[in-house]
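Note: hydrogens, waters and symmetry copies are ignored here, and every other heavy atom, side chains too, is used. Just so it is clear: chains get the letters A, B, ... in the order the sequence lines come, proteins before strands, and each one is counted from 1.
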Number of protein chains: 2
Amino acid sequence: MNSMLRQRRRRKPQKGGIEDTVASKPNGVPVLRMEDVARLAGVSVMTVSRALRTPPAVAASTLAKVRAALEETGYLPNLVASGLASSRTQVVAAVIPLISQPFAPTLQSMSDVLRRASYQFVLGVSHYDPLQEEALVRAFLSRRVDGIALFAGGHTPQTIAMLEQAAVPLVEMWAESATEFIVDAVCVPQRQGAQDVVRHLLARGRRRIGFIGGSTRHNIRAQARISGYLDGLAEAGLPHDPAACEEATHFLMEGGAAALARLLERRPQLDAICVASDILAAGVVFEAHRRGLSVPRDLAVAGFDDAEIARSMYPALTTIDMRAEEMGTRAAEMLLERASQSIRVDLAAMPSRMHDLGYTLIVREST
Amino acid sequence: MNSMLRQRRRRKPQKGGIEDTVASKPNGVPVLRMEDVARLAGVSVMTVSRALRTPPAVAASTLAKVRAALEETGYLPNLVASGLASSRTQVVAAVIPLISQPFAPTLQSMSDVLRRASYQFVLGVSHYDPLQEEALVRAFLSRRVDGIALFAGGHTPQTIAMLEQAAVPLVEMWAESATEFIVDAVCVPQRQGAQDVVRHLLARGRRRIGFIGGSTRHNIRAQARISGYLDGLAEAGLPHDPAACEEATHFLMEGGAAALARLLERRPQLDAICVASDILAAGVVFEAHRRGLSVPRDLAVAGFDDAEIARSMYPALTTIDMRAEEMGTRAAEMLLERASQSIRVDLAAMPSRMHDLGYTLIVREST
DNA sequence: CGGCATCAGGTTAGCGCTATCACCAAAAGC
DNA sequence: GCTTTTGGTGATAGCGCTAACCTGATGCCG
């Protein structure tokens with residue numbers, strides 16, 4: 001019964017061609033169309049389309065017929081065509097700087113929320129490079145995604161211009177302050193969080209507290225965290241020693257380890273390190289052990305993000321829980337809200353929103 | 001000069017409607033079309049389309065005019081429409097079981113190769129759940145991706161049926177043996193690798209060697225690795241003690257830690273553990289430290305994958321380098337080869353290929 | 001029993017591109 | 001000098017689906 005479905009015309013010859021109705025593969029493989037399902041179910045194409053909607057918009061008896069035909073043919077709707085016709089692709093994209101730990105729970109919860117709303121979630125990785133981010137944003141806009149979540153800081157002017165012109169629902173994650181072009185933002189008071197870490201270290205009797213962060217040039221998050229560290233020192237009346245701060249070259253454990261090595265060369269007397277990410281902090285702890293320093297006895301180490309490794313490693317890391325999951329949930333909800341409205345309502349009509357999630361200091365063994 | 005571009009008709013009224021040619025937003029935001037660029041450049045739409053190809057297929061003088069108009073308008077081609085018209089989306093999808101370490105380098109190299117061929121690379125995460133994998137494959141096929149890379153084992157019959165019917169270029173990563181429906185596969189002799197790990201531990205004088213792996217039910221890779229472990233024991237004439245083997249409930253460090261705890265409860269005398277992944281192995285090492293065991297003095301630990309944490313942690317992990325990067329490169333190349341041919345050549349015409357990459361045992365501090 | 005909602009489903013006309021062919025010069029061959 | 005090749009460009013017809021409209025059948029009221 002499959003062969004009768006394959007009846008399909010090729011592109012109609014422009015002038016005086018012979019009508020060929022032979023069932024064959026013009027090129028590549030014949031893929032079923034809605035028309036094939038409709039013929040089998042004895043209804044029109046439009047009815048199949050309506051039956052495929054959520055919720056189905058046809059009578060129960062019709063729905064049953066269509067479902068049967070769907071099953072029998074194994075039809076997969078062509079969402080490319082659907083996207084063109086409806087100008088909604090049902091895809092939301094995220095641009096992340098790196099495939100790794102701290103983003104996983106956020107992405108997971110975003111994906112869950114979006115799937116429930118029958119949106120698909122796709123990822124692009126920018127490697128903290130604003131030009132790669134620009135290329136990704138361009139690609140996603142060209143594919144007419146219904147929303148974009150930006151995880152990294154550091155957008156090029158071109159990126160911003162494209163996003164403005166496209167007026168796509170947009171949410172910036174880990175925003176420190178709302179940039180004007182950003183439509184929505186989910187943020188956490190990172191600066192304050194870093195300050196709390198310093199307070200905690202001070203309360204534990206540490207006075208020679210160093211800092212290891214990412215590059216402040218491209219990374220807004222890194223800037224906020226070092227500012228919080230400085231706030232904490234200032235509050236206690238301690239002087240800021242630039243030589244007690246170090247930038248990791250990349251956001252991997254090795255980067256943290258290397259940064260600690262450089263730092264200790266200059267300031268061997270440090271008794272605590274405030275680190276801008278758990279991954280880096282893990283590297284710092286490993287490097288400390290490698291040098292025969294005990295953590296936390298000789299050196300207290302605190303991280304940031306509450307990534308999986310923070311709970312799992314030994315000693316477990318003191319860190320700041322940034323509400324990673326909740327952040328993903330909220331971001332997805334904000335995107336969906338805009339995506340569902342953007343058909344009729346001008347985006348500018350809904351003002352920018354900034355959603356602050358708070359944070360929690362989690363004290364563990366490393367301090 | 002922008003206002004003159006906005007001239008755009010809405011869906012033509014079916015009967016007796018007033019022709020409105022007012023520049024306005026019918027719904028949502030007006031997005032530029034190729035026609036707008038063409039008008040500005042004083043050429044036809046088709047010429048713009050040709051100028052946008054790589055390489056451009058128009059005369060140099062025309063190309064310059066089109067480029068100027070492109071620049072002036074900030075036009076972003078609609079790849080949804082392009083995909084429908086050409087039946088090629090220029091997208092390759094990967095289904096990964098988990099956002100984490102061991103896959104990152106492979107994904108990175110795949111993405112690089114694909115980008116160079118001007119394909120986009122998108123990710124879906126299945127969480128080791130065959131049903132989620134099925135849903136992802138269905139979604140990707142519905143979006144008519146030009147190729148799929150499958151990272152996890154455990155495909156449902158429906159998944160296989162869909163992939164067969166769609167006849168999309170496909171590559172299975174970390175395949176242990178070619179399943180018949182798989183078009184191409186990139187594999188590493190994991191079983192042999194695991195056996196080599198056991199040989200190494202035996203050479204170090206260990207005799208009471210335990211094993212910690214993932215669930216063998218859904219994960220083909222896990223099965224191969226435990227088989228290699230058993231081969232190694234058998235080769236040395238050592239008995240297989242089922243109580244010295246444990247399955248981690250999930251592929252995170254916590255899973256490894258918990259598995260070691262269970263294992264030591266039954267067999268406290270173990271002097272070495274062969275672990276099926278570096279992430280799990282890191283958890284095992286942390287748990288050993290937590291229990292006051294020194295690694296490697298009291299307990300030698302070997303991992304698998306050569307993930308970043310294996311080099312960075314202290315003690316650094318002995319592991320098997322699975323050629324993660326090369327695997328991604330080869331997989332992408334195989335996909336591209338099929339994708340470029342699938343237009344005219346029947347997929348069945350090009351036989352299944354299996355590309356074996358080998359492996360290397362990397363001995364570090366943990367053994 | 002006519003009139004007017006209401007609803008299910010069909011009909012039509014695109015969505016914004018690209019494949020394909022038609023066409024027209026200019027270059028090349030006999 | 002005329003046909004053949006080119007190489008560049010334009011006109012046209014879809015790709016497979018959905019929005020918007022339209023029809024026809026039903027129900028319900030006065």
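What separates CD of A:Glu35 from C1' of D:dT18 is a distance of 15 Å, to the nearest Å. One interatomic measurement links the two molecules: NZ of B:Lys65 to C1' of D:dG8, which rounds to 12 Å at whole-angstrom precision. Protein atom CG of A:Leu84 is 13 Å distant from nucleotide atom P of D:dC15, rounded to whole Å. Atom CZ of A:Arg33 and atom P of D:dC15 are 7 Å apart (whole Å). Summarising the geometry, the separation between CZ on B:Arg143 and P on D:dG16 is reported as 17 Å, rounded to the nearest angstrom. In this structure, the CZ atom of B:Arg144 is 11 Å from the C1' atom of D:dC17, given to the nearest Å. Here the P atom of nucleotide D:dC15 and the CG atom of B:Asn78 are 18 Å apart, to the nearest Å. For B:Arg88 and C:dC17, the CZ to P distance is 18 Å, given to the nearest whole Å.
Using a 4.0 Å heavy-atom criterion, one finds that A:Val43 contacts the sugar-phosphate atoms exclusively. Counting non-hydrogen atoms under 4.0 angstrom, A:Arg53 reaches the backbone sugars and phosphates but no base.
Between B:Tyr75 and C:dC17 there is a side-chain N or O to OP1 or OP2 distance below 4.0 Å. Between C:dT18 and B:Ser49, a contact under 4.0 Å exists linking OP1 or OP2 to a side-chain N or O. Residue B:Ser82 places at least one side-chain N or O under 4.0 Å from the OP1 or OP2 atom of C:dT18. When the side-chain nitrogen and oxygen atoms of A:Ser44 are compared with OP1 and OP2 of C:dG10, one or more of them lie within a distance under 4.0 Å.
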Inset, instruction - Apply the test side-chain hydrogen bond (donor to acceptor under 3.5 Å, both in side chains) to residues A:Arg143 and B:Gln120: give CA-CA distance (whole Å), side-chain angles for both, the deciding distance (0.1 Å), then the verdict. - result: CA-CA 10 Å; A:Arg143 296 195 189 284; B:Gln120 207 190 341; 2.6 Å; yes
Inset, instruction - Report the C-alpha separation of B:Val168 and B:Leu163 in whole Å, then their side-chain angles, then the decisive distance to 0.1 Å, and conclude whether the side-chain contact (heavy atoms from CB on, under 4.5 Å) test is met. - result: CA-CA 7 Å; B:Val168 69; B:Leu163 288 167; 4.1 Å; yes
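Closest approach of B:Ala93 and B:Phe121 over heavy atoms only: C-CE1, 4.4 Å. The two residues B:Pro56 and B:Arg67 make their nearest non-hydrogen contact at CG-NH2, 3.8 Å. The two residues B:Leu114 and B:Ala332 make their nearest non-hydrogen contact at CG-CB, 4.1 Å.
In the set C:dA19, D:dT18, C:dC17, C:dA19 carries the atom at the smallest distance from any side-chain atom of B:Ser86. Comparing D:dC15, C:dC17, C:dG9 against the side chain of A:Thr47 picks out C:dG9 as the nearest. Set against D:dG8, D:dA20, C:dC17, the side chain of A:Arg50 has D:dA20 as its closest nucleotide. With D:dT9, C:dG9, D:dG16 as the choices, the nucleotide that has an atom nearest any side-chain atom of A:Val58 turns out to be C:dG9. Proximity note for B:Ala85 (side chain, C-beta onward) versus D:dC17, C:dG16, D:dG8: the nearest is C:dG16. Closest to the A:Met34 side chain, of the nucleotides D:dT9, D:dT18, C:dG10, is D:dT18. Side-chain proximity of A:Met46 to C:dA8, D:dG10, C:dT11: nearest is C:dT11.
Summary of the strand contacts: B:Ala81 and B:Ala57 both lie near DNA chain D, and taking for each the nucleotide with the nearest heavy atom, the more 5' one is attributed to B:Ala57.
At a threshold of 4.0 Å, the pair B:Arg353-B:Glu337 counts as salt-bridged, since one of the basic side-chain nitrogens sits closer than that to a carboxylate oxygen.
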